[in-house]
Number of protein chains: 4
Amino acid sequence: MVDSLYTRLGGYDAIAMFATKVVHQAQKDELLGRFWANRGQDRLDSELQLLINYLVHKTGGQMYYAGREMDVAHKGMGITEADWARFVEIVGSVAGELGVKPTEGGEVMTFFDSLKGDIIE
Amino acid sequence: MVDSLYTRLGGYDAIAMFATKVVHQAQKDELLGRFWANRGQDRLDSELQLLINYLVHKTGGQMYYAGREMDVAHKGMGITEADWARFVEIVGSVAGELGVKPTEGGEVMTFFDSLKGDIIE
Amino acid sequence: MVDSLYTRLGGYDAIAMFATKVVHQAQKDELLGRFWANRGQDRLDSELQLLINYLVHKTGGQMYYAGREMDVAHKGMGITEADWARFVEIVGSVAGELGVKPTEGGEVMTFFDSLKGDIIE
Amino acid sequence: MVDSLYTRLGGYDAIAMFATKVVHQAQKDELLGRFWANRGQDRLDSELQLLINYLVHKTGGQMYYAGREMDVAHKGMGITEADWARFVEIVGSVAGELGVKPTEGGEVMTFFDSLKGDIIE
(Lines give C-alpha, C1' and ligand atoms only; values in the text may rest on other atoms or scores of the structure.)
Protein backbone atom coordinates (compact mmCIF):
# COMPACT_ATOMS: atom_id res chain seq x y z
CA MET A 1 0.00 0.00 0.00
CA VAL A 2 1.28 3.44 -0.86
CA ASP A 3 1.86 5.91 1.97
CA SER A 4 -0.53 8.83 2.37
CA LEU A 5 0.38 12.12 0.76
CA TYR A 6 0.77 13.40 4.32
CA THR A 7 3.57 10.92 4.97
CA ARG A 8 5.21 11.35 1.59
CA LEU A 9 5.30 15.14 2.03
CA GLY A 10 7.16 14.68 5.31
CA GLY A 11 4.31 14.79 7.82
CA TYR A 12 3.06 17.58 10.05
CA ASP A 13 6.23 19.68 10.26
CA ALA A 14 6.76 19.70 6.51
CA ILE A 15 3.14 20.67 5.89
CA ALA A 16 3.24 23.34 8.60
CA MET A 17 6.38 24.81 7.04
CA PHE A 18 4.84 24.65 3.57
CA ALA A 19 1.63 26.41 4.71
CA THR A 20 3.59 29.01 6.67
CA LYS A 21 5.79 29.87 3.70
CA VAL A 22 2.85 30.02 1.30
CA VAL A 23 0.89 32.33 3.59
CA HIS A 24 3.87 34.58 4.28
CA GLN A 25 4.56 34.96 0.54
CA ALA A 26 0.89 35.60 -0.23
CA GLN A 27 0.72 38.14 2.57
CA LYS A 28 3.62 40.13 1.07
CA ASP A 29 2.27 39.75 -2.47
CA GLU A 30 1.06 42.96 -4.11
CA LEU A 31 -2.04 41.29 -5.50
CA LEU A 32 -2.94 38.92 -2.66
CA GLY A 33 -1.78 40.90 0.36
CA ARG A 34 -5.20 42.55 0.74
CA PHE A 35 -6.64 39.33 2.18
CA TRP A 36 -4.31 39.52 5.18
CA ALA A 37 -4.08 43.31 5.57
CA ASN A 38 -5.44 45.09 8.67
CA ARG A 39 -5.94 41.93 10.68
CA GLY A 40 -4.75 41.20 14.18
CA GLN A 41 -1.99 38.74 14.98
CA ASP A 42 -4.37 36.37 16.75
CA ARG A 43 -6.53 36.15 13.64
CA LEU A 44 -3.53 35.66 11.35
CA ASP A 45 -2.12 32.94 13.58
CA SER A 46 -5.51 31.22 13.93
CA GLU A 47 -6.09 31.17 10.19
CA LEU A 48 -2.63 29.83 9.41
CA GLN A 49 -3.21 27.08 11.95
CA LEU A 50 -6.61 26.30 10.36
CA LEU A 51 -4.90 25.96 6.99
CA ILE A 52 -2.30 23.61 8.43
CA ASN A 53 -5.05 21.54 10.10
CA TYR A 54 -7.03 21.41 6.87
CA LEU A 55 -4.03 20.25 4.83
CA VAL A 56 -2.98 17.66 7.40
CA HIS A 57 -6.55 16.34 7.47
CA LYS A 58 -6.96 16.27 3.69
CA THR A 59 -3.61 14.65 2.95
CA GLY A 60 -4.23 11.81 5.40
CA GLY A 61 -2.68 12.86 8.73
CA GLN A 62 -4.39 12.43 12.09
CA MET A 63 -6.37 15.63 12.50
CA TYR A 64 -9.97 16.23 13.51
CA TYR A 65 -10.78 19.23 11.31
CA ALA A 66 -13.84 21.05 12.57
CA GLY A 67 -13.33 24.31 10.70
CA ARG A 68 -15.42 25.64 7.88
CA GLU A 69 -15.54 23.98 4.48
CA MET A 70 -13.72 25.94 1.77
CA ASP A 71 -16.85 27.39 0.13
CA VAL A 72 -18.25 28.76 3.39
CA ALA A 73 -14.87 30.11 4.47
CA HIS A 74 -14.24 32.05 1.24
CA LYS A 75 -17.72 33.17 0.12
CA GLY A 76 -17.81 36.92 -0.22
CA MET A 77 -14.05 37.50 -0.21
CA GLY A 78 -14.12 38.37 -3.87
CA ILE A 79 -11.30 36.04 -4.89
CA THR A 80 -10.73 36.29 -8.65
CA GLU A 81 -9.22 34.00 -11.29
CA ALA A 82 -6.13 36.21 -11.21
CA ASP A 83 -5.84 35.89 -7.42
CA TRP A 84 -6.12 32.16 -7.70
CA ALA A 85 -3.52 31.96 -10.45
CA ARG A 86 -1.08 33.94 -8.33
CA PHE A 87 -1.80 31.80 -5.29
CA VAL A 88 -1.20 28.59 -7.22
CA GLU A 89 2.03 30.10 -8.52
CA ILE A 90 3.17 30.68 -4.93
CA VAL A 91 2.18 27.14 -3.98
CA GLY A 92 4.31 25.81 -6.81
CA SER A 93 7.23 28.02 -5.96
CA VAL A 94 7.21 27.07 -2.28
CA ALA A 95 6.90 23.38 -3.18
CA GLY A 96 9.98 23.79 -5.35
CA GLU A 97 11.86 25.67 -2.66
CA LEU A 98 11.10 22.90 -0.14
CA GLY A 99 12.20 20.17 -2.51
CA VAL A 100 8.82 18.52 -2.92
CA LYS A 101 9.27 15.72 -5.50
CA PRO A 102 7.44 15.77 -8.86
CA THR A 103 4.92 13.03 -7.91
CA GLU A 104 3.95 14.68 -4.63
CA GLY A 105 4.09 18.15 -6.21
CA GLY A 106 1.65 16.98 -8.84
CA GLU A 107 -0.72 15.63 -6.21
CA VAL A 108 -0.52 18.88 -4.25
CA MET A 109 -1.39 20.84 -7.39
CA THR A 110 -4.27 18.50 -8.24
CA PHE A 111 -5.56 18.92 -4.71
CA PHE A 112 -5.48 22.72 -4.83
CA ASP A 113 -7.04 22.61 -8.28
CA SER A 114 -9.97 20.65 -6.84
CA LEU A 115 -10.67 23.51 -4.41
CA LYS A 116 -10.72 26.27 -7.01
CA GLY A 117 -14.43 26.08 -7.76
CA ASP A 118 -15.29 26.52 -4.09
CA ILE A 119 -12.94 29.46 -3.57
CA ILE A 120 -13.10 31.85 -6.51
CA GLU A 121 -16.18 33.94 -7.30
CA MET B 1 -31.82 48.31 42.71
CA VAL B 2 -31.18 49.88 39.34
CA ASP B 3 -31.63 47.72 36.25
CA SER B 4 -28.55 46.60 34.35
CA LEU B 5 -27.39 48.69 31.42
CA TYR B 6 -28.43 45.69 29.27
CA THR B 7 -32.03 46.07 30.40
CA ARG B 8 -32.05 49.85 30.22
CA LEU B 9 -30.71 49.78 26.65
CA GLY B 10 -33.63 47.54 25.68
CA GLY B 11 -32.07 44.08 25.97
CA TYR B 12 -30.62 41.76 23.35
CA ASP B 13 -32.49 43.02 20.30
CA ALA B 14 -31.63 46.65 20.96
CA ILE B 15 -27.97 45.79 21.52
CA ALA B 16 -27.89 43.58 18.42
CA MET B 17 -29.38 46.39 16.35
CA PHE B 18 -26.93 48.89 17.84
CA ALA B 19 -23.92 46.68 17.10
CA THR B 20 -25.16 45.90 13.60
CA LYS B 21 -25.62 49.56 12.73
CA VAL B 22 -22.25 50.55 14.20
CA VAL B 23 -20.45 47.83 12.25
CA HIS B 24 -22.26 48.60 9.00
CA GLN B 25 -21.40 52.30 9.29
CA ALA B 26 -17.79 51.54 10.17
CA GLN B 27 -17.56 49.12 7.27
CA LYS B 28 -18.66 51.83 4.80
CA ASP B 29 -16.45 54.45 6.43
CA GLU B 30 -13.54 55.69 4.33
CA LEU B 31 -11.12 55.56 7.26
CA LEU B 32 -12.33 52.42 9.05
CA GLY B 33 -13.54 50.31 6.15
CA ARG B 34 -10.13 48.68 5.75
CA PHE B 35 -10.71 46.54 8.84
CA TRP B 36 -13.66 44.79 7.15
CA ALA B 37 -12.42 44.80 3.54
CA ASN B 38 -11.62 41.56 1.69
CA ARG B 39 -13.20 39.30 4.25
CA GLY B 40 -15.73 36.56 3.68
CA GLN B 41 -19.35 36.79 4.77
CA ASP B 42 -18.94 34.03 7.34
CA ARG B 43 -16.12 35.93 9.03
CA LEU B 44 -18.05 39.21 8.95
CA ASP B 45 -21.13 37.56 10.41
CA SER B 46 -19.11 35.72 13.07
CA GLU B 47 -17.34 38.87 14.19
CA LEU B 48 -20.53 40.92 14.38
CA GLN B 49 -22.05 38.15 16.50
CA LEU B 50 -18.98 38.14 18.74
CA LEU B 51 -19.37 41.89 19.25
CA ILE B 52 -23.05 41.46 20.14
CA ASN B 53 -22.16 38.66 22.57
CA TYR B 54 -19.44 40.76 24.15
CA LEU B 55 -21.72 43.77 24.64
CA VAL B 56 -24.59 41.66 26.00
CA HIS B 57 -22.15 40.04 28.44
CA LYS B 58 -20.52 43.28 29.53
CA THR B 59 -23.76 45.22 30.01
CA GLY B 60 -25.26 42.54 32.22
CA GLY B 61 -27.28 40.23 29.95
CA GLN B 62 -27.19 36.44 30.15
CA MET B 63 -24.33 35.50 27.85
CA TYR B 64 -21.40 33.15 28.32
CA TYR B 65 -18.71 35.01 26.42
CA ALA B 66 -15.84 32.75 25.51
CA GLY B 67 -14.28 34.93 22.81
CA ARG B 68 -10.96 36.69 23.01
CA GLU B 69 -10.36 39.61 25.34
CA MET B 70 -10.14 42.96 23.57
CA ASP B 71 -6.36 43.27 23.72
CA VAL B 72 -5.74 39.83 22.20
CA ALA B 73 -8.40 40.36 19.54
CA HIS B 74 -7.00 43.70 18.33
CA LYS B 75 -3.23 43.35 18.79
CA GLY B 76 -1.48 43.91 15.48
CA MET B 77 -4.42 45.50 13.65
CA GLY B 78 -2.72 48.87 13.74
CA ILE B 79 -5.70 50.79 15.11
CA THR B 80 -4.75 54.45 15.56
CA GLU B 81 -6.06 57.30 17.71
CA ALA B 82 -7.79 58.66 14.61
CA ASP B 83 -9.48 55.31 13.91
CA TRP B 84 -10.70 55.17 17.47
CA ALA B 85 -12.01 58.74 17.41
CA ARG B 86 -13.97 57.97 14.24
CA PHE B 87 -15.32 54.74 15.73
CA VAL B 88 -16.48 56.50 18.89
CA GLU B 89 -18.13 59.14 16.69
CA ILE B 90 -20.07 56.38 14.93
CA VAL B 91 -21.04 54.83 18.27
CA GLY B 92 -22.40 58.19 19.41
CA SER B 93 -24.24 58.80 16.18
CA VAL B 94 -25.90 55.38 16.18
CA ALA B 95 -26.84 55.78 19.85
CA GLY B 96 -28.52 59.07 18.92
CA GLU B 97 -30.27 57.53 15.93
CA LEU B 98 -31.64 54.72 18.10
CA GLY B 99 -32.86 57.14 20.76
CA VAL B 100 -30.55 55.97 23.53
CA LYS B 101 -31.22 58.29 26.50
CA PRO B 102 -28.47 60.56 27.88
CA THR B 103 -27.82 58.47 31.02
CA GLU B 104 -27.45 55.22 29.10
CA GLY B 105 -25.61 56.96 26.27
CA GLY B 106 -23.11 58.26 28.82
CA GLU B 107 -22.59 54.80 30.24
CA VAL B 108 -22.09 53.36 26.76
CA MET B 109 -19.46 56.01 26.03
CA THR B 110 -17.71 55.39 29.35
CA PHE B 111 -17.67 51.68 28.60
CA PHE B 112 -16.12 52.11 25.15
CA ASP B 113 -13.68 54.59 26.59
CA SER B 114 -12.52 51.94 29.05
CA LEU B 115 -11.57 49.65 26.14
CA LYS B 116 -9.50 52.20 24.26
CA GLY B 117 -6.19 51.34 25.91
CA ASP B 118 -6.56 47.68 24.95
CA ILE B 119 -7.49 48.40 21.35
CA ILE B 120 -5.34 51.17 19.91
CA GLU B 121 -1.62 50.79 19.27
CA MET C 1 -47.61 39.59 9.11
CA VAL C 2 -47.34 37.48 12.19
CA ASP C 3 -44.42 38.03 14.53
CA SER C 4 -41.65 35.43 14.66
CA LEU C 5 -41.86 32.73 17.32
CA TYR C 6 -38.81 34.42 18.83
CA THR C 7 -40.77 37.61 19.40
CA ARG C 8 -43.93 35.88 20.55
CA LEU C 9 -41.98 33.85 23.12
CA GLY C 10 -40.64 37.09 24.58
CA GLY C 11 -37.29 37.38 22.79
CA TYR C 12 -33.78 36.54 23.92
CA ASP C 13 -34.25 36.78 27.68
CA ALA C 14 -37.33 34.57 27.68
CA ILE C 15 -35.60 31.97 25.50
CA ALA C 16 -32.43 32.11 27.62
CA MET C 17 -34.51 31.57 30.76
CA PHE C 18 -36.43 28.74 29.11
CA ALA C 19 -33.23 26.98 27.97
CA THR C 20 -31.57 27.49 31.35
CA LYS C 21 -34.49 25.99 33.25
CA VAL C 22 -34.80 23.05 30.85
CA VAL C 23 -31.10 22.24 31.13
CA HIS C 24 -31.05 22.60 34.91
CA GLN C 25 -34.02 20.25 35.25
CA ALA C 26 -32.55 17.74 32.82
CA GLN C 27 -29.24 17.90 34.66
CA LYS C 28 -30.92 16.96 37.95
CA ASP C 29 -33.09 14.29 36.33
CA GLU C 30 -32.33 10.72 37.32
CA LEU C 31 -32.58 9.47 33.74
CA LEU C 32 -31.04 12.40 31.84
CA GLY C 33 -28.47 13.64 34.34
CA ARG C 34 -25.79 11.35 32.89
CA PHE C 35 -25.39 13.65 29.86
CA TRP C 36 -24.20 16.49 32.07
CA ALA C 37 -22.35 14.50 34.75
CA ASN C 38 -18.57 14.81 35.21
CA ARG C 39 -18.21 17.84 33.02
CA GLY C 40 -16.46 21.10 33.84
CA GLN C 41 -18.30 24.37 34.41
CA ASP C 42 -16.84 25.94 31.28
CA ARG C 43 -18.22 23.11 29.15
CA LEU C 44 -21.63 23.25 30.84
CA ASP C 45 -21.83 27.01 30.38
CA SER C 46 -20.66 26.81 26.75
CA GLU C 47 -23.22 24.17 25.88
CA LEU C 48 -26.10 26.01 27.52
CA GLN C 49 -25.10 29.10 25.56
CA LEU C 50 -24.97 27.07 22.35
CA LEU C 51 -28.51 25.84 23.02
CA ILE C 52 -29.72 29.39 23.61
CA ASN C 53 -28.02 30.54 20.39
CA TYR C 54 -29.55 27.67 18.46
CA LEU C 55 -33.06 28.38 19.73
CA VAL C 56 -32.77 32.13 19.12
CA HIS C 57 -31.56 31.42 15.60
CA LYS C 58 -34.23 28.83 14.81
CA THR C 59 -37.14 30.84 16.20
CA GLY C 60 -36.24 33.91 14.17
CA GLY C 61 -34.04 36.10 16.39
CA GLN C 62 -30.84 37.81 15.20
CA MET C 63 -28.16 35.19 15.82
CA TYR C 64 -25.38 33.88 13.62
CA TYR C 65 -25.31 30.24 14.70
CA ALA C 66 -22.08 28.59 13.75
CA GLY C 67 -22.32 25.57 16.04
CA ARG C 68 -22.81 21.99 15.00
CA GLU C 69 -26.04 20.76 13.46
CA MET C 70 -28.12 18.59 15.80
CA ASP C 71 -27.19 15.26 14.19
CA VAL C 72 -23.44 15.89 14.39
CA ALA C 73 -23.70 17.24 17.94
CA HIS C 74 -25.59 14.21 19.30
CA LYS C 75 -24.22 11.27 17.29
CA GLY C 76 -22.79 8.66 19.62
CA MET C 77 -24.38 9.99 22.82
CA GLY C 78 -26.73 7.02 22.93
CA ILE C 79 -29.90 9.06 23.43
CA THR C 80 -32.89 6.70 23.60
CA GLU C 81 -36.63 7.07 22.97
CA ALA C 82 -37.11 7.13 26.73
CA ASP C 83 -34.53 9.91 27.17
CA TRP C 84 -36.25 11.94 24.50
CA ALA C 85 -39.69 11.41 26.01
CA ARG C 86 -38.42 12.62 29.39
CA PHE C 87 -36.71 15.62 27.78
CA VAL C 88 -39.87 16.62 25.93
CA GLU C 89 -41.77 16.28 29.21
CA ILE C 90 -39.36 18.74 30.84
CA VAL C 91 -39.72 21.12 27.89
CA GLY C 92 -43.49 21.05 28.31
CA SER C 93 -43.32 21.50 32.04
CA VAL C 94 -40.93 24.49 31.81
CA ALA C 95 -43.09 26.05 29.08
CA GLY C 96 -46.06 25.75 31.43
CA GLU C 97 -44.13 27.16 34.37
CA LEU C 98 -43.08 30.18 32.29
CA GLY C 99 -46.61 30.83 31.08
CA VAL C 100 -45.97 30.09 27.40
CA LYS C 101 -49.37 30.34 25.66
CA PRO C 102 -50.96 27.34 23.92
CA THR C 103 -50.23 28.55 20.37
CA GLU C 104 -46.56 29.21 21.07
CA GLY C 105 -46.28 26.12 23.26
CA GLY C 106 -47.59 24.05 20.36
CA GLU C 107 -45.03 25.56 18.00
CA VAL C 108 -42.23 24.89 20.47
CA MET C 109 -43.33 21.26 20.75
CA THR C 110 -43.56 20.90 16.96
CA PHE C 111 -40.09 22.35 16.66
CA PHE C 112 -38.53 19.94 19.17
CA ASP C 113 -40.43 17.09 17.55
CA SER C 114 -38.77 17.95 14.24
CA LEU C 115 -35.33 17.43 15.83
CA LYS C 116 -36.06 14.01 17.31
CA GLY C 117 -34.89 12.02 14.28
CA ASP C 118 -31.50 13.75 14.34
CA ILE C 119 -30.98 13.29 18.06
CA ILE C 120 -32.06 9.81 19.17
CA GLU C 121 -30.24 6.65 18.12
CA MET D 1 21.43 23.31 21.23
CA VAL D 2 19.26 20.46 22.37
CA ASP D 3 16.20 19.58 20.29
CA SER D 4 12.76 20.41 21.66
CA LEU D 5 10.90 17.71 23.57
CA TYR D 6 8.50 17.72 20.61
CA THR D 7 11.27 16.64 18.26
CA ARG D 8 12.81 14.17 20.68
CA LEU D 9 9.44 12.48 21.23
CA GLY D 10 9.14 11.97 17.48
CA GLY D 11 7.07 14.99 16.46
CA TYR D 12 3.37 15.36 15.73
CA ASP D 13 2.55 11.78 14.80
CA ALA D 14 4.23 10.33 17.88
CA ILE D 15 2.47 12.82 20.15
CA ALA D 16 -0.88 12.22 18.42
CA MET D 17 -0.46 8.49 18.90
CA PHE D 18 0.56 8.96 22.53
CA ALA D 19 -2.45 11.18 23.29
CA THR D 20 -4.82 8.84 21.45
CA LYS D 21 -3.63 5.81 23.37
CA VAL D 22 -3.75 7.62 26.71
CA VAL D 23 -7.29 8.84 26.10
CA HIS D 24 -8.50 5.46 24.86
CA GLN D 25 -7.09 3.73 27.94
CA ALA D 26 -8.53 6.36 30.28
CA GLN D 27 -11.89 6.07 28.55
CA LYS D 28 -12.02 2.32 29.20
CA ASP D 29 -10.71 2.70 32.75
CA GLU D 30 -13.17 1.84 35.51
CA LEU D 31 -12.24 4.88 37.58
CA LEU D 32 -11.66 7.48 34.82
CA GLY D 33 -14.19 6.35 32.23
CA ARG D 34 -16.89 8.60 33.69
CA PHE D 35 -15.20 11.69 32.21
CA TRP D 36 -15.80 10.39 28.68
CA ALA D 37 -19.12 8.59 29.20
CA ASN D 38 -22.34 9.75 27.51
CA ARG D 39 -20.62 12.12 25.13
CA GLY D 40 -21.02 12.36 21.38
CA GLN D 41 -18.33 11.32 18.93
CA ASP D 42 -17.81 14.89 17.73
CA ARG D 43 -17.07 16.03 21.27
CA LEU D 44 -14.73 13.09 21.94
CA ASP D 45 -12.86 13.72 18.70
CA SER D 46 -12.65 17.47 19.34
CA GLU D 47 -11.30 17.02 22.84
CA LEU D 48 -8.69 14.47 21.79
CA GLN D 49 -7.56 16.90 19.09
CA LEU D 50 -7.38 19.72 21.64
CA LEU D 51 -5.16 17.55 23.83
CA ILE D 52 -2.88 16.79 20.88
CA ASN D 53 -2.71 20.49 20.01
CA TYR D 54 -1.94 21.39 23.60
CA LEU D 55 0.86 18.83 23.88
CA VAL D 56 2.38 19.79 20.51
CA HIS D 57 2.30 23.44 21.57
CA LYS D 58 3.76 22.85 25.03
CA THR D 59 6.55 20.53 23.90
CA GLY D 60 7.76 22.99 21.27
CA GLY D 61 6.03 22.06 18.00
CA GLN D 62 4.48 24.59 15.63
CA MET D 63 0.93 24.93 16.91
CA TYR D 64 -1.17 27.99 17.65
CA TYR D 65 -3.11 26.76 20.68
CA ALA D 66 -6.19 28.84 21.28
CA GLY D 67 -8.04 26.44 23.56
CA ARG D 68 -8.73 26.91 27.24
CA GLU D 69 -6.00 26.88 29.82
CA MET D 70 -5.97 23.73 31.96
CA ASP D 71 -7.57 25.30 35.03
CA VAL D 72 -10.54 26.72 33.10
CA ALA D 73 -10.99 23.50 31.14
CA HIS D 74 -11.13 21.25 34.22
CA LYS D 75 -12.79 23.41 36.90
CA GLY D 76 -15.88 21.69 38.21
CA MET D 77 -15.11 18.24 36.83
CA GLY D 78 -14.40 16.94 40.30
CA ILE D 79 -11.07 15.33 39.45
CA THR D 80 -9.59 13.76 42.58
CA GLU D 81 -6.08 12.81 43.68
CA ALA D 82 -6.97 9.19 42.92
CA ASP D 83 -8.13 10.09 39.39
CA TRP D 84 -4.92 11.94 38.79
CA ALA D 85 -2.76 9.11 40.11
CA ARG D 86 -4.51 6.67 37.76
CA PHE D 87 -4.14 9.05 34.83
CA VAL D 88 -0.42 9.50 35.45
CA GLU D 89 -0.11 5.71 35.67
CA ILE D 90 -1.70 5.42 32.22
CA VAL D 91 0.61 8.12 30.86
CA GLY D 92 3.61 6.19 32.14
CA SER D 93 2.35 2.90 30.79
CA VAL D 94 1.66 4.32 27.32
CA ALA D 95 5.06 6.01 27.28
CA GLY D 96 6.63 2.63 28.03
CA GLU D 97 4.55 0.87 25.39
CA LEU D 98 5.64 3.43 22.77
CA GLY D 99 9.29 3.12 23.72
CA VAL D 100 9.75 6.65 25.01
CA LYS D 101 13.31 6.87 26.35
CA PRO D 102 14.02 7.54 30.05
CA THR D 103 15.13 11.16 29.53
CA GLU D 104 12.09 12.11 27.50
CA GLY D 105 9.81 10.00 29.69
CA GLY D 106 11.08 11.92 32.71
CA GLU D 107 10.37 15.24 31.01
CA VAL D 108 6.88 14.11 30.06
CA MET D 109 6.20 13.13 33.67
CA THR D 110 7.57 16.42 34.96
CA PHE D 111 5.35 18.27 32.51
CA PHE D 112 2.18 16.43 33.56
CA ASP D 113 3.15 16.91 37.18
CA SER D 114 3.28 20.67 36.61
CA LEU D 115 -0.40 20.62 35.50
CA LYS D 116 -1.70 18.72 38.52
CA GLY D 117 -2.46 21.79 40.63
CA ASP D 118 -4.61 23.28 37.87
CA ILE D 119 -6.54 20.08 37.23
CA ILE D 120 -7.45 18.37 40.50
CA GLU D 121 -9.92 19.82 42.99
Side-chain angles (χ1 to χ4, degrees), chain A residues 1-27 35-36 39-69 72-73 94-95 97-100 104 108, chain D residues 1-27 35-36 39-69 72-73 94-95 97-100 104 108:
Chain A
M1 207 187 94
V2 74
D3 279 340
S4 68
L5 181 55
Y6 171 78
T7 300
R8 287 180 288 129
L9 285 170
Y12 182 88
D13 292 349
I15 288 176
M17 179 173 289
F18 167 79
T20 304
K21 281 180 180 287
V22 165
V23 166
H24 285 181
Q25 283 207 24
Q27 208 170 343
F35 297 116
W36 286 270
R39 278 154 174 76
Q41 197 56 47
D42 171 66
R43 183 64 76 196
L44 294 175
D45 292 344
S46 298
E47 293 194 350
L48 172 55
Q49 189 61 53
L50 266 176
L51 174 60
I52 294 169
N53 296 355
Y54 182 74
L55 294 175
V56 166
H57 168 67
K58 283 293 188 179
T59 55
Q62 180 179 341
M63 176 61 71
Y64 190 65
Y65 178 75
R68 303 288 198 271
E69 289 308 314
V72 176
V94 170
E97 187 193 328
L98 295 178
V100 173
E104 283 71 37
V108 166
Chain D
M1 206 186 96
V2 74
D3 280 340
S4 68
L5 181 55
Y6 172 78
T7 300
R8 286 180 288 128
L9 286 170
Y12 182 88
D13 293 348
I15 288 175
M17 179 172 288
F18 167 79
T20 304
K21 280 179 180 286
V22 165
V23 167
H24 284 181
Q25 283 207 23
Q27 207 169 342
F35 296 117
W36 286 269
R39 278 154 175 74
Q41 197 56 47
D42 171 66
R43 183 64 77 201
L44 295 175
D45 291 345
S46 298
E47 294 193 350
L48 171 54
Q49 189 61 54
L50 266 175
L51 173 61
I52 295 169
N53 297 355
Y54 181 75
L55 294 175
V56 167
H57 169 68
K58 284 293 188 180
T59 55
Q62 180 179 342
M63 176 62 70
Y64 190 64
Y65 179 76
R68 304 287 198 273
E69 289 307 314
V72 177
V94 170
E97 187 192 330
L98 295 178
V100 173
E104 283 71 37
V108 167

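Just so you know, these numbers use all the heavy atoms, side chains as well, and skip hydrogens, waters and symmetry mates. A note on names: the letters A, B, ... follow the listed sequences, proteins ahead of strands, and every chain is numbered from 1.
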Portion of Y65(A) that has a non-hydrogen atom of chain D nearer than 4.5 angstrom = neither

task = Measure the shortest side-chain to side-chain distance between I52(D) and Q62(A) over non-hydrogen atoms and say whether it is less than 4.5 angstrom.
result = yes

ask   = Within a strict 4.5 Å, meaning less than it, do heavy atoms of the D13(A) and Y6(D) side chains meet?
value = yes

query = If you count heavy-atom pairs under 4.5 Å with chain D, which of A66(A), G11(A), S46(A) comes out on top?
reply = S46(A)

message = Quick check against the 3.5 Å criterion: does Y64(D) have a side-chain atom that pairs as donor or acceptor with the backbone of L50(A)?
response = no

